[in-house]
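One structure coming up, written as structure tokens, with questions to follow.
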Amino acid sequence: MVSNNKDSVQHVEGGLGHDLATEKVDTVGTVLAGQVHDMSLEDRAAALSLAQQADPGLEPFSWRMFTFTLIVLVCCMCSGDNGFDGTVMSSVNSMSQYQEYFNLKGKASSTGIIFGMYTVGQVVAFFPSSYLPDKVGRRWSMFCGNVVLMTGALVTCFATSMSMFIAGRFLTGLGCTTASTSAKSYMSEITSPASRGRWMGLLNSFYYVGQLIASGIAIPFGYRTDNWAWRSPILLQAAPAIINVAFVLLLPESPRWLYSRGQKERAVSILTKLHSRDMDPHSPLIQLEIQEIEANISTSGADKRWWDFRAIFNSAGNRYRFGLCAIVSIWGQLSGNGLITYFLPVLLLQAGITDSNRQRVLNFVNSITSFAGALSGTAIVDKVGRRKLFLTAEICCVCGMAIVAGLLSDAGPQNAMRANAGISFIFLFMVLFSFGITPLQALYPAEVLAFENRAKGLALQGWVTNAVSLINTFGLPSALAALTWKTYLIFMVWDIVGVITIYWLVVETKQLSLEDVDEVFMAPNPKKRSFELAKLARERAKRDQESRAAVSVRHEL
């Protein structure tokens, strides 16, 4: 059976070299008609490459691509929510109006509870995040999460007591995490293998859009003398959630979720609208995707049992998958980025920047440069690959922490030029981190998890992320106070551990369908298997380029 498929693939390859239009039906009939589940992973990768040539997807500047971009942007609001919170609360906490209203001056413990309650909400969000996306669908889960977030923002904004303020913070964390986890599942399942990296990278990069808005509005509102100086930024935290709630139910549901619920016709229709250039359900690309979904999604899988987490750990392959999610969580939080994101004003103060207005402006500049880095990494993640981008970024983090530690250390005379150089390298560090790791934080876990484990696995990964971030929240203030510039050296050593870990364990998932990723982890050595497929993809791309060049020469002659 497999050998017949190989012959079919070779036949299609030859046909594509002549006339795509005339070979289209033959491609469906010989390669994709009920035979995908019998094909080897190499043949499926080859068939996917050929199918993408036959049906390259939506036209870049067409109305359908514009519509698809709007779908993505609605989902990106969930990531914008997440970026908004930490920055807006840091800004609000620096306002004397807020401090006086709640009588917080000198009460570090109360401030810690206020910041920590958001994290408590994120931890509790594990339960709805693992249940709702599989039970009611990805869209409704985003909707519910953002409604809770909006409620939390309103309660916090109009709080008249500290208990009311803390309750609002809890609801904000609960809703934000529920919505963002659902958005990751949804985006990974509606995007095609060829462009999934770019769209998923954009999703996580919108963290900085929220951060930009929060840090930007804090500057003018900080000059107000009434309580709306702190109430207004908190109220505006609901803005991304309002956009998502207004439009998310108008979006198509995840075709993979629909198929798992027995709604095959709707799944095919949505895939056709989102992935096929000619909206042809018999396109080789659509047929291949549907048959891979049929072969890999069970209508009675663990995703139907909200209490069943066994599938995440019931095999070596699934344990490997979640281990990779944990790697993204750990070094996505502890590469030194948390040191800068949460405590930039403290770092600026240690570097000699004492003016609070200048600190807020520099915080805004950091958001802009970090966002630029994240967008740059997003643009190339599908071309460079996940593993190479992750490894390069972590090496840069090692170098960045070492350089900043040297510039801010007490060795040698301190002067304004040296302090400014230290600040510049802090900003450059965040650009490089955002370039290589930010696009992967949403993309890579959603890719490596199997469909039946995706919602639960992402929720569990969220727990790991929040547990790790507690080190940033509660450990870093003490470390900075006691160790000052030596804190950077600790992160440098930890980043070296990260480089080694990524090099030995992280697999490549570039240009693979979500179902093909499943088979990578069934191999005895998933990393080696992913390298074999990456090599196959490079060789095929080279042959395709040579073939197109030869056809072009023949046409010129």
Taking the side chain from Asn146 and the backbone from Met142, do they hold a donor-acceptor pair closer than 3.5 Å? yes
Are Phe126 and Leu460 packed together at the side-chain level, in the sense that at least one heavy-atom pair is separated by less than 4.5 angstrom? yes
Considering all heavy atoms of both residues, which atom of Pro128 and which atom of Thr178 are nearest to each other, and what is their separation? CG-OG1, 3.6 Å
Using modelled atom types and a 3.5 Å cut-off, is there a donor and acceptor pairing between side-chain atoms of Asp81 and backbone atoms of Cys176? no
Is it true that a side-chain atom of Ser370 and a backbone atom of Ser367 form a donor plus acceptor pair closer than 3.5 Å? no
Quick check: do Val506 and Leu391 have side-chain heavy atoms less than 4.5 Å from each other? no
What's the shortest heavy-atom distance between Glu289 and Pro193, and which atoms? OE2-CD, 3.8 Å
Between Tyr101 and Arg231, is there a cation-pi geometry (under 6.0 Å to ring centre, at most 45° from the normal)? yes
N-O pairing of Arg386 and Glu447 below 4.0 Å: yes
Spatial distance of atom CG (Leu334) from atom SG (Cys397) [nearest 0.5 Å]: 11.5 Å
Does the ring-ring contact (aromatic ring centres under 6.0 Å, His included) test come out yes or no for Phe491 and Trp494, once each step is laid out? CA-CA 5 Å; Phe491 280 103; Trp494 184 242; 9.1 Å; no
Would Tyr208 and Ser434 count as having a side-chain donor-acceptor pair, cut-off 3.5 Å? yes
Would you confirm whether Arg64, through its side chain, and Lys273, through its main-chain N or O, come within 3.5 Å as a donor-acceptor pair? yes
Note, Thr369 side chain near Met430 side chain (heavy atom, < 4.5 Å): no
Any side-chain heavy atom of Tyr259 sitting closer than 4.5 Å to one from Gln263? no
Could you grab the distance from atom SG of Cys75 to atom CZ of Phe206, nearest 0.5 Å is fine? 11.0 Å
Can you tell me if Ser469 and Gln333 form a side-chain donor-acceptor pair at under 3.5 Å? no
Going by heavy atoms in the side chains, are Leu458 and Ser185 under 4.5 Å from each other? yes
Evaluate Phe68 against Trp199 for ring-ring contact (aromatic ring centres under 6.0 Å, His included), listing each step before the verdict. CA-CA 10 Å; Phe68 184 78; Trp199 293 119; 5.3 Å; yes
Rounded to the nearest 0.5 Å, what separates atom NZ in Lys388 from atom CD1 in Ile502? 15.0 Å
Run the side chain to side chain contact (heavy atoms under 4.5 Å, CB included) test on Trp463 and Ser129 for me, step by step, so that the C-alpha distance in whole Å, both residues' side-chain angles and the decisive distance to 0.1 Å come before the verdict. CA-CA 11 Å; Trp463 252 21; Ser129 296; over 6 Å; no
Can you establish whether the number of heavy atoms outside Phe247 located under 6.0 Å from its atom CZ is more than 12? no
Asn227 and Gln97: side chain donor to acceptor below 3.5 Å: no
Are side-chain heavy atoms of Leu251 and Val74 found at a separation under 4.5 Å? yes
Indicate the atoms forming the closest heavy-atom contact of His275 with Ile286, along with that distance. CB-CD1, 3.9 Å
Interatomic distance, Asn244 atom CG to Ser79 atom OG [nearest 0.5 angstrom]: 11.5 Å
Between Arg321 and Asp518, is there a side-chain heavy-atom distance shorter than 4.5 Å? yes
With a 3.5 Å distance limit and no angle check, can you tell me whether Asn204 reaches the backbone of Thr438 through a side-chain donor-acceptor pair? yes
Donor-acceptor contact below 3.5 Å, side chain Arg139 vs main chain Leu250: no
CG-OG1 distance between Asn82 and Thr172, expressed to the nearest 0.5 angstrom: 11.5 Å
So, does Ser530 use its side chain to make a donor-acceptor pair with the main chain of Lys527 at under 3.5 Å? yes
Shortest non-hydrogen contact from Cys325 to Val448? SG-CG2, 3.9 Å
Option from Val497, Ile437, Val499 for which side chain to side chain contact (heavy atoms under 4.5 Å, CB included) with Trp331 holds: Val497
Quick one: does Leu203's side chain get under 4.5 Å of Val72's, heavy atoms only? no
Quick one: list whatever passes salt bridge (Lys or Arg N to Asp or Glu O under 4.0 Å) with Glu508, sequence neighbours left out. none
List the steps and the verdict of side chain to side chain contact (heavy atoms under 4.5 Å, CB included) for Arg529 and Met522. CA-CA 9 Å; Arg529 188 74 172 116; Met522 293 178 187; over 6 Å; no
Could you tell me whether the side chain of Gln237 and the main chain of Phe84 form a donor-acceptor pair under 3.5 Å? no
Yes or no on salt bridge (charged side-chain N to carboxylate O under 4.0 Å, His left out) for Arg454 and Glu189, after CA distance, side-chain angles and deciding distance? CA-CA 10 Å; Arg454 189 163 294 131; Glu189 292 168 2; 2.9 Å; yes
Please verify the inter-ring angle class for Phe165 with Tyr98; under 30° counts as parallel, over 60° as perpendicular, anything in between as tilted. tilted
Classify the side-chain pair Ser195/Ser192 by whether it contains a donor and acceptor separated by less than 3.5 Å. yes
Please step through salt bridge (charged side-chain N to carboxylate O under 4.0 Å, His left out) for the pair Arg266 and Glu253, ending with a clear verdict. CA-CA 9 Å; Arg266 284 187 64 194; Glu253 184 54 87; over 6 Å; no
In terms of relative ring orientation, are Phe322 and Phe313 parallel, tilted or perpendicular, with 30° and 60° separating the classes? perpendicular
Check Leu512 against Arg196 and note the closest heavy-atom contact, atom names and distance. O-NH2, 2.5 Å
Before you tell me yes or no, could you show the steps for Thr378 and Ser205 under side chain to side chain donor-acceptor pair (under 3.5 Å), namely the whole-Å CA-CA distance, both residues' side-chain angles and the distance that decides it to 0.1 Å? CA-CA 8 Å; Thr378 295; Ser205 298; 3.2 Å; yes
Between Asp495 and Ser335, which heavy-atom pair has the shortest distance, and what is it? OD2-O, 2.8 Å
Determine, stepwise, if the pair Tyr186 / Ile71 fulfils side chain to side chain contact (heavy atoms under 4.5 Å, CB included). CA-CA 11 Å; Tyr186 180 81; Ile71 291 173; 3.9 Å; yes
How far does OG1 of Thr501 sit from CG of Leu324, to the nearest 0.5 angstrom? 11.0 Å
Under the 3.5 angstrom rule, does the side chain of Asn318 hit a backbone N or O of Asn314 as a donor-acceptor pair? no
Any side-chain to backbone donor/acceptor pair from Asn337 onto Gly332? Under 3.5 Å, distance only. yes
Yes or no on side chain to side chain contact (heavy atoms under 4.5 Å, CB included) for Arg138 and Ser141, after CA distance, side-chain angles and deciding distance? CA-CA 5 Å; Arg138 282 40 171 158; Ser141 186; 5.8 Å; no
